[in-house]
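Here the structure is laid out as structure tokens; the discussion comes afterwards.
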Amino acid sequence: MNDTMVTLVGNVATAVEYRDTATGGVARFRFAVTARRWDRERGAWTDGHTSFYTVFAWRALGANLAASVSVGEPLVVHGRLRVREEDLEEGRPDGRRRTFVDIDALAVGHDLTRGTAAFRRVVKGEPRLTERQANGGAERDPWETAEAISEAEPQVRAQMEGEVPQVPEPVP
């Protein structure tokens with residue numbers, strides 16, 4: 001598949017919302033990325049336009065994000081770029097469409113150029129994607145799992161637009 005992979009450096013703009021779903025947990029937050037440029041005339045750095053992205057993180061990454069990240073913290077986000085368009089609410093006179101830019105995160109970390117962090121490894125109890133099935137110890141087909149996640153994604157994204165967040169407890 002020809003996905004557009006991006007790496008963004010910015011700040012967490014909203015609290016991380018976490019939901020448990022049938023295919024595993026998912027976290028969502030808004031991410032602000034501001035371009036900075038050197039202004040030769042003033043001899044100083046100036047802020048440019050700020051772009052906002054909605055970041056989705058699935059399964060263990062989502063749970064770890066919800067337990068580790070707060071509003072305002074600097075992050076580096078790496079993942080798949082997704083651009084989608086939706087009609088505005090019916091009944092609006094302009095009839096325009098809105099464009100949303102999402103990132104399906106593959107890796108997220110604190111930006112250590114702006115501070116320090118202490119890493120704590122998560123102890124895995126029963127991994128969902130690598131558990132063995134009862135039929136002779138064969139592993140679950142990863143394509144079957146990926147298809148289930150892909151099918152569930154639109155419903156999960158739609159549900160997250162209006163529900164109250166559930167944040168998991170941090171793992172010691």
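Since the model is a prediction, treat every value here as computed from it, not as a measurement.
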Would a single hydrophobic cluster contain both [Y] and [X], if residues Ile, Leu, Val, Met, Phe, Trp and Tyr are joined by side-chain heavy-atom contacts under 4.5 Å?
X	Y	result
Val55	Val76	no
Val101	Val33	yes
Val77	Phe52	no

Exercise. May I have all residue pairs that pass salt bridge (charged side-chain N to carboxylate O under 4.0 Å, His left out) and include part of residues 69-79, sequence neighbours excluded?
Key: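 Checked against salt bridge (charged side-chain N to carboxylate O under 4.0 Å, His left out) - neighbours excluded - no pair reaches residues 69-79.
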Exercise. Could you grab the distance from atom OG1 of Thr99 to atom CZ of Arg84, nearest 0.5 Å is fine?
Key: 10.0 Å
Quiz item: When rounded to the nearest 0.5 angstrom, what is the spacing between NE2 in His110 and CZ in Phe119?
Solution: 12.0 Å
Name every donor-acceptor pair, under 3.5 Å, that has one atom in a side chain of residues 4-14 and the other anywhere in the protein, sequence neighbours excluded.
unit_1: Thr7; atom_1: OG1; unit_2: His78; atom_2: ND1; d: 2.7
unit_1: Asn11; atom_1: OD1; unit_2: Arg114; atom_2: NH1; d: 3.3
unit_1: Thr14; atom_1: OG1; unit_2: Arg30; atom_2: N; d: 2.9

Do [X] and [Y] come close enough that some side-chain heavy atom pair is under 4.5 Å?
X	Y	answer
Phe29	Leu75	yes
Thr54	Phe31	no
Arg98	Glu86	no
Val26	Tyr18	no
Val108	Leu65	yes

Quiz item: Does Thr116 have any side chain to side chain contact (heavy atoms under 4.5 Å, CB included) partners at least two apart in sequence or in another chain, and if so, which?
Solution: none
Quiz item: What side-chain hydrogen bond (donor to acceptor under 3.5 Å, both in side chains) pairs are there with at least one residue in residues 37-49, not counting sequence neighbours?
Solution: Arg36-Asp47
Self-check item: Contacts of type side-chain hydrogen bond (donor to acceptor under 3.5 Å, both in side chains), residue Thr50, not counting sequence neighbours
Solution: Thr34
Practice problem: Could you list the residues that satisfy side-chain hydrogen bond (donor to acceptor under 3.5 Å, both in side chains) with Thr113, not counting sequence neighbours? | Solution: Asp111
Quiz item: Any idea which heavy atoms bring Leu61 and Ala57 closest together, and the distance?
Solution: CG-CB, 3.8 Å
Exercise. Identify the two heavy atoms, one from Ala15 and one from Val71, that lie closest to each other, and give their separation to 0.1 Å.
Key: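 The pair with the smallest heavy-atom distance is N-CG2, 3.3 Å.
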Practice problem: Please determine which of Arg80, Arg82, Arg59 meets the salt bridge (Lys or Arg N to Asp or Glu O under 4.0 Å) test together with Asp104. | Solution: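 That would be Arg82.
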